[in-house]
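Written out below as structure tokens is the structure these notes cover.
The chains referred to below are lettered A, B, ... by the order of the sequence lines, with proteins before strands, and numbering in each begins at 1. What's counted below: heavy atoms across the whole structure, side chains too, no hydrogens, waters or symmetry copies. Keep in mind it's a predicted model, so treat the numbers as computed, not measured.
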2 protein chains.
Amino acid sequence: MQLSKTSQYAIRILAYMADKKDSQLINAAELAETLYIPYKFLTKIMTELVKVDLVTSIRGREGGYKLKKEISDIMINDILDLFNDSIKDEQCVLGIGFCNGLCKCALHDQWMKPKFLLQKMFRESSLEDIAGRGCKK
Amino acid sequence: MQLSKTSQYAIRILAYMADKKDSQLINAAELAETLYIPYKFLTKIMTELVKVDLVTSIRGREGGYKLKKEISDIMINDILDLFNDSIKDEQCVLGIGFCNGLCKCALHDQWMKPKFLLQKMFRESSLEDIAGRGCKK
DNA sequence: TTATAATTCTACCTGTAAGTAGTATTTGGA
DNA sequence: TCCAAATACTACTTACAGGTAGAATTATAA
């Protein structure tokens with residue numbers, strides 16, 4: 001019952017970048033060390049974030065990454081969607097899913113409320129909302 | 001962001017057994033077919049449930065399984081704990097965890113409420129509470 | 001111009017959850 | 001007694017998330 005490592009890392013990375021001043025480049029080594037994320041795994045994630053236009057990359061010496069959009073425009077749910085990790089309306093806590101719009105799962109009723117809260121939290125929280133908390137060990 | 005297959009299956013199995021009359025034996029083939037769970041995987045889970053005394057097994061011809069405890073005494077959280085799948089107090093949504101009793105995760109505040117609701121749901125729901133819903137596809 | 005520091009690409013390795021196969025064991029009924 | 005039907009045990013396979021390695025590419029500073 002938790003987010004994938006990839007999603008966790010991506011959120012921590014973007015939250016950290018959101019705390020930096022605009023136009024300030026941050027390189028992979030700094031991110032990896034500060035956030036305790038394996039360097040090679042981090043660069044793989046960064047390349048993904050660049051591809052979907054959340055981050056701009058500058059290659060070569062003195063290069064690095066910076067956020068491409070306003071921090072108020074990047075929602076946590078957008079990040080989760082990249083790694084297929086957001087909570088879908090039809091997601092059943094017991095892995096059964098909906099049939100004809102109806103979930104017959106034993107825990108259906110109890111699951112509705114926390115599911116809604118999680119969706120709301122992910123959909124309505126932007127990087128701006130969570131900025132300033134840092135995100136360290 | 002979901003329970004492991006093993007936990008999902010275990011809950012569905014026990015919920016189905018809870019709907020049956022007391023002292024009625026149910027065999028693995030019936031459970032596997034009814035609940036769409038791979039037979040071999042199911043028997044592995046059943047053996048585990050027997051070991052932790054949630055279920056009694058009768059071997060040999062005309063054998064099968066039945067619940068060992070009252071359905072009001074088997075909480076969902078107990079089942080999740082078997083497979084290390086319950087939500088711990090110190091569990092951080094971003095995988096950072098608590099340090100000196102303090103979580104510095106960016107999503108900490110938003111995570112508290114749905115986490116609490118999930119824990120409450122798992123801890124306070126017994127097989128009796130979810131009985132009667134069936135648990136089918 | 002060249003060494004160096006950075007991202008990117010391709011491919012591989014590893015650990016774990018999920019699932020499968022085959023055999024052994026137990027037990028009731030014909 | 002013996003077969004069939006059931007669970008239990010041991011071991012293996014598969015799929016995928018997580019992680020690693022190394023070379024290619026890019027770009028700046030000296």
Write down the distance between [atom1] ([X]) and [atom2] ([N]), rounded to a whole number of angstrom.
X	N	atom1	atom2	answer
B/Asn27	D/dA8	CG	P	12 Å
A/Ile45	D/dG19	CD1	C1'	10 Å
B/Lys5	D/dA17	NZ	P	13 Å
A/Ile37	D/dG18	CD1	C1'	13 Å
B/Lys66	D/dA6	NZ	C1'	16 Å
A/Leu42	D/dG19	CG	P	11 Å

Mind checking what makes salt bridge (Lys or Arg N to Asp or Glu O under 4.0 Å) contact with [X], not counting sequence neighbours?
X	result
B/Arg61	none
B/Arg59	none
A/Lys120	A/Glu124
B/Lys20	B/Glu30

Any side-chain N or O of A/Tyr65 below 4.0 angstrom from OP1/OP2 of C/dT8?
yes
Please produce a list of atom pairs where a protein N or O lies less than 3.5 Å from an N or O of nucleotides 10-14 of chain D.
none

Looking at A/Glu128 and A/Ile71, would you say the former's side chain and the latter's main chain have a donor-acceptor pair under 3.5 Å?
no
Stretch residues 78-85 of chain A: residues that reach within less than 4.0 Å of DNA chain C through a heavy atom:
none
Near DNA chain C, counting only heavy atoms under 4.0 Å, which residues of residues 46-57 of chain B show up?
none
For A/Ala28, report the nucleic acid contact type (base, sugar-phosphate, nothing); a contact means any heavy atom under 4.0 Å.
sugar-phosphate
Would you indicate what B/Tyr39 reaches in the nucleic acid, counting non-hydrogen atoms under 4.0 angstrom: base, sugar-phosphate, or nothing?
base
Sole candidate of A/Asp53, A/Asp73, A/Thr56 that passes side chain to side chain donor-acceptor pair (under 3.5 Å) when paired with A/Lys68:
A/Asp53
Cluster membership besides B/Met75, Ile/Leu/Val/Met/Phe/Trp/Tyr side chains within less than 4.5 angstrom, sorted by chain and number, is none
[X] versus [Y], closest heavy-atom pair with distance:
X	Y	answer
B/Ile87	A/Met1	CD1-CG, 3.8 Å
A/Ile37	A/Leu42	CG2-CB, 3.9 Å
A/Met17	A/Leu67	CE-N, 3.8 Å
B/Gln110	A/Ser125	NE2-OG, 3.0 Å

Kindly give the atom pairs (protein nitrogen or oxygen, nucleotide nitrogen or oxygen) under 3.5 Å for nucleotides 26-30 of chain D.
unit_1, atom_1, unit_2, atom_2, d
D/dT26, O2, A/Gly60, N, 3.3

Testing D/dA6, D/dG18, D/dG22 for proximity to the side chain of A/Phe41, the answer is D/dG18
Taking five pairs at each end of the helix from C/dT1-D/dA30 to C/dA30-D/dT1, what angle separates the two helix axes (nearest 10°)?
20°
Passes side-chain hydrogen bond (donor to acceptor under 3.5 Å, both in side chains), B/Asn27 versus B/Glu62? Steps please.
CA-CA 9 Å; B/Asn27 66 38; B/Glu62 305 288 301; over 6 Å; no
I'd like to know if B/Lys115 pairs up with B/Asp109 as an ion pair, taking the criterion as any Lys NZ or Arg NE/NH1/NH2 lying under 4.0 Å from an Asp or Glu carboxylate oxygen.
no
First of A/Lys40 and A/Leu3 reached from the 5' end of DNA chain D, by closest nucleotide
A/Leu3
Could you give me the CA-CA distance, side-chain angles and deciding distance for A/Arg12 and A/Asp19, then say whether salt bridge (charged side-chain N to carboxylate O under 4.0 Å, His left out) is met?
CA-CA 11 Å; A/Arg12 283 160 57 186; A/Asp19 284 345; over 6 Å; no
Using side chain to side chain donor-acceptor pair (under 3.5 Å) as the criterion, list what pairs up with A/Ser126, not counting sequence neighbours.
A/Asp129
With A/Leu82 via side-chain contact (heavy atoms from CB on, under 4.5 Å) - residues at least two apart:
A/Leu49, A/Val52, A/Leu54
